[in-house]
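Accompanying notes for the structure given below.
Note that the numbering runs from 1 along the sequence shown for the chain. Computation of the quantities below employed the complete heavy-atom set of this structure, encompassing side-chain atoms and omitting hydrogens, waters and symmetry-equivalent molecules.
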Amino acid sequence: MTYRALNALLVLLGVTATIFAIGYLQLHLGLDPCPLCIFQRIGLWAMSIFALLATLINPKSRMTRLPLWLGGLAGTLWGLGVALRHTWLHYSPSAVPSCGAGLGYWVETLPMREVLTVVLAGNGDCSMIDWSLLGLSIPAWTAVLFLVILFIQMIILNKILKRSA
């Protein structure tokens with residue numbers, strides 16, 4: 001596959017995952033996303049934006065491709081880290097504080113650094129498993145998705161480095 005096709009595949013994965021999360025899980029099943037779920041979506045969307053830019057621009061130089069790749073990688077690693085943390089919370093719910101205020105309240109009343117700290121600590125909403133498939137919860141499947149994305153990004157990096165070598 002070409003550089004452009006691989007980035008288009010990342011965009012397709014991002015759009016498909018978003019439609020599944022919002023269209024099926026949220027709107028059809030009525031599952032509200034917890035703060036950690038929202039942070040995973042942000043990582044997915046950041047990766048998708050950089051992949052979309054790489055697809056549309058289709059730069060030829062390594063100096064343009066690398067920053068786009070790094071931006072997508074940052075979104076992927078962010079999302080993967082949050083998904084792994086969220087999955088860990090599912091397996092040790094005794095370490096999770098009880099439910100508290102929602103993300104909107106935190107953003108309005110706390111400095112952003114504290115919001116990140118509170119959200120990543122998780123809460124009661126984040127420890128509940130509302131849906132699973134083949135024994136894996138939503139954040140566990142999201143972690144699998146991010147690992148697939150990371151694998152594709154490694155292929156893209158290989159293409160970037162080989163092209164200019």
Side-chain angles (χ1 to χ4, degrees), residues 1-56 68-108 112 115-156:
M1 289 184 83
T2 65
Y3 170 84
R4 178 179 248 173
L6 287 167
N7 278 292
L9 177 60
L10 291 178
V11 173
L12 179 64
L13 286 172
V15 169
T16 303
T18 298
I19 290 171
F20 178 76
I22 295 173
Y24 180 71
L25 295 174
Q26 192 171 336
L27 297 177
H28 181 70
L29 295 182
L31 302 176
D32 289 328
C34 72
L36 289 176
C37 294
I38 292 170
F39 275 42
Q40 290 167 61
R41 289 181 188 181
I42 291 170
L44 181 68
W45 295 338
M47 178 283 303
S48 297
I49 288 169
F50 282 102
L52 179 62
L53 288 172
T55 302
L56 295 175
L68 290 170
W69 179 82
L70 285 170
L73 180 66
T76 300
L77 293 177
W78 169 264
L80 177 61
V82 174
L84 291 173
R85 168 79 173 144
H86 196 174
T87 302
W88 178 80
L89 290 172
H90 282 169
Y91 291 102
S92 58
S94 62
V96 181
S98 63
C99 297
L103 181 61
Y105 174 79
W106 294 333
V107 170
E108 290 175 12
M112 190 49 73
V115 171
L116 289 173
T117 302
V118 169
V119 167
L120 292 177
N123 64 26
D125 292 339
C126 296
S127 65
M128 291 175 33
I129 299 176
D130 294 326
W131 183 90
S132 65
L133 177 67
L134 301 174
L136 294 178
S137 64
I138 297 167
W141 278 112
T142 305
V144 170
L145 172 67
F146 278 118
L147 289 171
V148 169
I149 290 169
L150 188 60
F151 177 75
I152 294 168
Q153 287 176 324
M154 292 302 114
I155 295 171
I156 292 172

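Taken to the nearest 0.5 Å, the CD1 atom of Ile19 stands 11.5 Å off from the CG atom of Leu27. From Ile156, atom CD1 reaches atom OH of Tyr3 across 7.0 Å, with rounding to the nearest 0.5 Å. The CD1 atom of Ile152 sits 4.0 Å away from atom CG of Leu9, with the distance rounded to the nearest 0.5 Å. Asp130 CG to Leu29 CG: the interatomic distance, rounded to the nearest 0.5 Å, is 10.0 Å. From Gln26, atom CD reaches atom OG1 of Thr18 across 11.0 Å, with rounding to the nearest 0.5 Å. Note that the CH2 atom of Trp45 and the CD1 atom of Ile49 stand 9.5 Å from one another [nearest 0.5 Å].
Across Gln153 and Leu73, no two heavy atoms sit closer than the pair NE2-N, 3.5 Å. Taking every heavy atom of both residues into account, Leu84 and Ala143 meet most closely at CD2-CB, 4.0 Å. Of all heavy-atom pairs between Phe50 and Leu68, the closest is CB-O, 3.5 Å. Nearest heavy-atom pair, Arg4 versus Thr55, reported as atom, atom and distance to 0.1 Å: NE-O, 2.8 Å. Closest approach of Gly75 to Ala46, counting heavy atoms only: CA-CB, 4.1 Å. Nearest heavy atoms, Ala83 versus Pro139: CB-O, 3.7 Å.
Proximity of Gln40 to Ile138: side-chain heavy atoms (C-beta onward) are nowhere separated by under 4.5 Å. No side-chain heavy atom of Met1 sits less than 4.5 Å from a side-chain heavy atom of Asn7. Between Leu52 and Leu10 the shortest side-chain heavy-atom distance does not fall below 4.5 Å. Phe146 places a side-chain heavy atom less than 4.5 Å from the side chain of Leu44.
Between the side chain of Trp69 and the main chain of Ala54, no donor-acceptor pair closer than 3.5 Å is present.
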Inset, instruction - Give the intermediate values and the outcome of side chain to side chain contact (heavy atoms under 4.5 Å, CB included) for residues His86 and Thr142. - result: CA-CA 10 Å; His86 196 174; Thr142 305; over 6 Å; no
Inset, instruction - List the steps and the verdict of side chain to side chain contact (heavy atoms under 4.5 Å, CB included) for Val82 and Ile42. - result: CA-CA 10 Å; Val82 174; Ile42 291 170; over 6 Å; no
